[in-house]
Amino acid sequence: MVVTKPTDVLVPSQAVKFFGAGTAGCIADLITFPLDTAKVRLQIQGEASKIKGASATKYRGVFGTILTMVRTEGPRSLYNGLVAGLQRQMSFASVRIGLYDSMKQFYTRGTDSAGIVTRLMAGCTTGAMAVAFAQPTDVVKVRFQAQVRMADGSRRYNSTLDAYRTIARTEGIRGLWRGCMPNITRNAIVNCAELVTYDMIKELILKYDLMTDNLPCHFTAAFGAGFCTTVVASPVDVVKTRFMNSGAGKYSSAINCALTMLRNEGPKAFYKGFTPSFLRLGSWNIVMFVTYEQIKREMTKAQQGWESPF
């Protein structure tokens, strides 16, 4: 019988974590993107009817929104902005998830004992870094998901590249970073709720031997992380979506956007699209974390095989 030593434990490199996080994020987006699109449509519904020339379609519920979009705009409308979404995940998830463990070690000065405060600091840091780097892809993704077919059949943007060009030309380079501050706030909250919750649930499961470090453990921790994230982040997410989708001059700031929503639509507006948010974040977290753990494990095995072939 071979005794497993601590040195035999597979430890993924930073490159493996970085690439694995981006790839897992893309896979999760491919599977859950229609839910994300439905969430965006529900979040902007209060202002969409005021857009000149836009259809006055009223969305009801997650699946009602999906069915309405399929009927009025075709099945492809559910994947509006997918290209920008995949670009976002490869750059965004790689930073905020792939660098999380390294940031924990940075704040603990290389030790493995990370408390709740350290984990929160690491989550906030990588979340902010990811937004600063990948914000243009997020702006284009939201604009594509939010655009509805005009009465004459025209659309706001014709392609992903056209969206980047049009925004930069009409709103300036700063337009590509529209909503950067509320997005940093939102992702600091999301990252902390998502990564820290997953981290701690998984740690407790393993500590009390409830499960081994395998798929059921990853599934349980990811589901808990998705629920906690949705509850905490929904209000900021709605404001972020509204502000990023707005044209130049509609709102003077993210705070002005929030106050306008509160005045015109009431407090419930901050939880518009909550059900699709939960369905999307819950399923996204499950797919992403389960895939990420498997990618890390297999890539680390392959990397060690290349480095020690004999």
Could you tell me if the side chain of [Y] sits less than 4.5 Å from the side chain of [X], heavy atoms only?
X	Y	value
T212	C217	no
F270	S234	no
Y107	T125	yes
F274	K39	no
P267	L262	yes
M90	L86	no
I44	R242	yes
I173	W177	yes

Kindly compute the distance separating [atom1] ([X]) from [atom2] ([Y]), expressed to the nearest 0.5 Å.
X	Y	atom1	atom2	answer
L99	K104	CG	NZ	13.0 Å
I116	D199	CD1	CG	9.0 Å
C192	M121	SG	CE	10.5 Å
D213	E293	CG	CD	6.0 Å
C228	Y198	SG	OH	14.0 Å
F106	T118	CZ	OG1	11.5 Å

Which heavy atom of [X] sits nearest a heavy atom of [Y], and at what distance?
X	Y	value
R96	T126	O-OG1, 3.1 Å
N158	F144	C-CZ, 4.5 Å
A38	V62	CB-O, 4.2 Å
M261	V238	CE-CG1, 3.3 Å
V131	C180	CG1-O, 3.8 Å

Heavy atoms from other residues, nucleotides or ligands near [atom1] of [X] exceed 12 (cutoff 6.0 Å):
X	atom1	value
M181	CE	no
F227	CZ	no
I255	CD1	no
F19	CZ	no
Y271	OH	yes
F219	CZ	no

### Message
side chain to side chain contact (heavy atoms under 4.5 Å, CB included) for W284 and D36? Distances and angles first, verdict last.
### Response
CA-CA 10 Å; W284 192 92; D36 191 39; over 6 Å; no
### Query
Under 4.0 Å between a Lys/Arg side-chain N and an Asp/Glu carboxylate O for D29 and K141?
no
#### Entry: Cationic N near anionic O, under 4.0 Å, R165 to D162
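Answer for the salt bridge query: no.
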Transitively linked via ILVMFWY side-chain contacts under 4.5 Å: [X] with [Y]?
X	Y	result
V142	Y164	yes
V231	I286	yes
L176	Y157	yes
I295	V16	yes
M69	I66	yes

### Query
T160 and V140: side chain to side chain contact (heavy atoms under 4.5 Å, CB included), yes or no, with the steps?
CA-CA 7 Å; T160 304; V140 171; 4.1 Å; yes
### Query
Just checking, is any N or O donor in the side chain of Y100 or N191 under 3.5 Å from an acceptor N or O on the other one?
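Distance-only check fails for Y100 and N191.
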### Task
Please check if any side-chain donor atom of N80 sits under 3.5 Å from a side-chain acceptor atom of T37, or the reverse.
no
So is [X] actually on top of [Y]'s ring, under 6.0 Å and inside 45° of the axis?
X	Y	result
R88	F92	yes
K296	Y292	yes
R178	F243	yes

When you measure from the side chain of [X] to the backbone of [Y], do you find a donor-acceptor pair of N or O atoms at a distance under 3.5 Å?
X	Y	value
T137	A134	yes
N256	S252	yes
T32	L35	no
N187	N183	yes
S283	R280	yes
T197	A225	no
Q145	Y79	no

### Task
Determine, step by step, whether F289 and E194 satisfy the side chain to side chain contact (heavy atoms under 4.5 Å, CB included) criterion, reporting the C-alpha distance in whole Å, the side-chain angles of both residues, the deciding distance to 0.1 Å, and the verdict.
CA-CA 10 Å; F289 279 116; E194 193 173 85; 4.1 Å; yes
### Query
Per the side-chain contact (heavy atoms from CB on, under 4.5 Å) rule, which among V70, L42, L78 passes with T65?
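Going through the options one by one, the only one that passes is L42.
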### Task
Check the pair F223 / N285 against side chain to side chain contact (heavy atoms under 4.5 Å, CB included), numbers first and verdict last.
CA-CA 7 Å; F223 184 85; N285 272 273; over 6 Å; no
